[in-house]
Amino acid sequence: MQKLYKSGKALLKEVFETKLMDHTIAFWSLGQAGVLIKGDKQDGWICIDPYLTAIIEEADQQSEFKRAFPPVIEPALLKNIDGVLVTHDHGDHLDLATLKELDQVTEQTCLIVPAPCEASVYKEVEQMKLHLAKADEPFTIKGFSITPVPAAHTEYDVDENNDHAFLGYFIEVNGVKLYHSGDTVVTPLLVEKVKAFNPDVAFLPINGGDYFRTSRGIIGNMSFREAADFSAAVGADLVIPIHFDMFPKNRDNPAYFVDYLFHHYPVQKFHMMVPGERFIYHK
């Protein structure tokens with residue numbers, strides 16, 4: 001297993017030492033759909049979908065969810081983080097092992113989960129402040145203005161209270177707009193909502209879906225083509241592909257995404273991140 005670009009205490013040190021100007025954000029890839037974001041000069045920071053659970057044993061060669069690389073950072077090192085946003089109740093997004101370890105070392109962190117996920121974290125997370133996210137109901141966390149948006153994985157799913165089980169997040173901080181889609185396919189409603197938001201940075205899955213993965217219980221996402229077309233349709237300034245690097249049995253080659261952009265949207269800005277990498281975006 002290859003060594004990570006940057007991880008652990010070295011990554012945390014970089015987070016703390018990163019200073020930002022106006023209209024600037026910094027973000028780090030945690031692998032899969034995980035992103036850590038630092039967004040204002042008051043040192044506020046959040047993360048989305050941190051999947052930092054222990055590595056599956058090497059002997060488990062047949063697992064659908066065998067990690068391709070170790071966790072970028074230990075959950076306990078995030079003890080001072082202001083917020084953890086979860087997009088939906090799948091293990092690589094709502095990772096209870098990560099959340100329980102973090103819960104042991106912090107009381108100040110706000111844990112945000114879709115309202116239908118309450119039962120999954122009830123009694124599992126006791127110290128962190130729990131916020132149940134509902135579509136189109138905004139909230140703030142230390143300089144971050146956040147609005148949940150419905151996601152379709154692979155269709156819209158609501159509970160008896162009409163609350164969406166799958167969410168993405170619109171995030172505004174330090175004059176920059178970000179959209180993290182969570183797991184989703186493209187729908188007319190999603191195009192409409194994200195286009196109206198007009199994100200500067202969009203984090204979009206590119207692993208797609210197919211009959212054989214679906215038959216094994218692996219739910220699909222945007223394909224690399226759809227993610228590229230979507231980013232152009234909504235006017236994102238910069239697109240960051242996610243959800244392609246963690247599980248060898250559920251990913252697609254990001255080079256296809258790059259090639260498709262080159263041929264169809266040659267002026268669309270993008271960046272393919274490696275786990276532990278920092279990216280600084282200035283609007």
Side-chain angles (χ1 to χ4, degrees), residues 23 25 27 33-35 37 39 46-49 83-90 93-94 112-117 131-141 143-159 161-209 219-243 257 260-261 264-265 268-270 281 283:
H23 304 291
I25 60 167
F27 50 86
V35 182
I37 304 168
I46 63 173
C47 66
I48 305 171
D49 285 350
V84 175
L85 280 65
V86 172
T87 60
H88 63 284
D89 191 1
H90 287 161
H93 298 263
L94 195 164
I112 298 94
V113 302
C117 296
H131 177 89
L132 301 179
K134 300 184 178 185
D136 303 315
E137 293 189 8
F139 57 92
T140 60
I141 299 176
F144 292 84
S145 297
I146 302 168
T147 302
V149 58
H153 189 35
T154 57
E155 57 188 29
Y156 293 111
D157 183 357
V158 297
D159 66 8
N161 299 314
N162 208 36
D163 291 323
H164 283 265
F166 306 112
L167 295 174
Y169 293 102
F170 292 157
I171 301 170
E172 298 185 57
V173 62
N174 202 20
V176 179
K177 295 181 177 182
L178 302 93
Y179 167 56
H180 189 294
S181 69
D183 280 4
T184 191
V185 296
V186 180
T187 71
L189 177 63
L190 191 64
V191 173
E192 177 185 344
K193 281 182 170 291
V194 180
K195 186 175 182 179
F197 179 65
N198 191 27
D200 299 301
V201 183
F203 299 92
L204 304 176
I206 64 168
N207 64 304
I219 305 175
N221 273 320
M222 296 183 193
S223 69
F224 67 86
R225 292 183 180 87
E226 289 171 319
D229 292 337
F230 181 85
S231 63
V234 302
D237 182 49
L238 172 71
V239 58
I240 306 291
I242 58 173
H243 214 293
F257 174 75
Y260 189 79
L261 281 178
H264 295 272
Y265 307 104
Q268 174 65 60
K269 292 193 296 185
F270 71 93
Y281 177 87
K283 185 172 181 179

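All values reported here derive from a predicted model rather than from experimental measurement.
Distance check, rounded to the nearest 0.5 Å: CD1 of Ile112 to SG of Cys117 gives 12.5 Å. The distance from the CE atom of Met222 to the CG atom of Leu204 is 5.0 Å, given to the nearest 0.5 Å. Glu172 CD to Thr140 OG1: the interatomic distance, rounded to the nearest 0.5 Å, is 12.0 Å. Atom CZ of residue Phe257 and atom CD1 of residue Ile206 lie 6.0 Å apart, to the nearest 0.5 angstrom. Taking CG from Leu238 and CZ from Phe270, the interatomic distance works out to 9.5 Å, rounded to the nearest 0.5 Å. Between Glu226 atom CD and Tyr260 atom OH the span is 9.5 Å, to the nearest 0.5 Å.
Using bins of under 30°, 30° to 60° and over 60° for the plane-to-plane angle, the ring pair His90/Phe166 lands in the tilted bin. In this pair, His88 and His93 present their aromatic rings tilted. The plane angle is within the 30 to 60° band. Phe197 and Phe170 have parallel rings, their planes meeting at less than 30° on a 0 to 90° scale where 60° marks the start of perpendicular.
Taking all atoms of both residues into account, the shortest heavy-atom contact from Pro148 to Lys134 is CG-O, 3.4 Å. Shown here for Pro114 and Val86, the closest heavy-atom pair between the two residues is CD-O, 3.2 Å. Between Asn198 and Val234, the shortest heavy-atom distance links the atoms OD1-O, 4.3 Å. Of all the heavy atoms in Ala227 and Pro205, the pair that sits closest is CB-O, 3.7 Å. Minimum interatomic distance between His180 and Ala33 (heavy atoms only, all atoms of both residues): NE2-O, 2.9 Å.
With hydrogens and angles ignored, the 3.5 Å screen pairs a side-chain donor or acceptor of Asp159 with a backbone N or O of Asn161. Here the side chain of Ser223 pairs no donor or acceptor atom with the backbone of Gly209 at under 3.5 angstrom. Between the His264 side chain and the Arg225 main chain, no donor and acceptor come within less than 3.5 Å of each other.
For the side-chain hydrogen bond (donor to acceptor under 3.5 Å, both in side chains) with His153, the qualifying choice from Thr87, Asp183, Thr184 is Asp183, the only one to do so. Remark: of the listed residues Val35, Val84, Ile171, Ile171 is the sole one forming a side-chain contact (heavy atoms from CB on, under 4.5 Å) with Ile46.
Looking at Tyr179 and Leu190, their side chains come closer than 4.5 Å, going by heavy atoms from C-beta outward.
Note on Lys283 versus Asp237: no salt bridge recorded, every NZ/NE/NH1/NH2 to OD/OE distance being 4.0 Å or above.
With no hydrogens or angles considered, no side-chain donor-acceptor pair links Ser231 and Tyr265 at under 3.5 Å.
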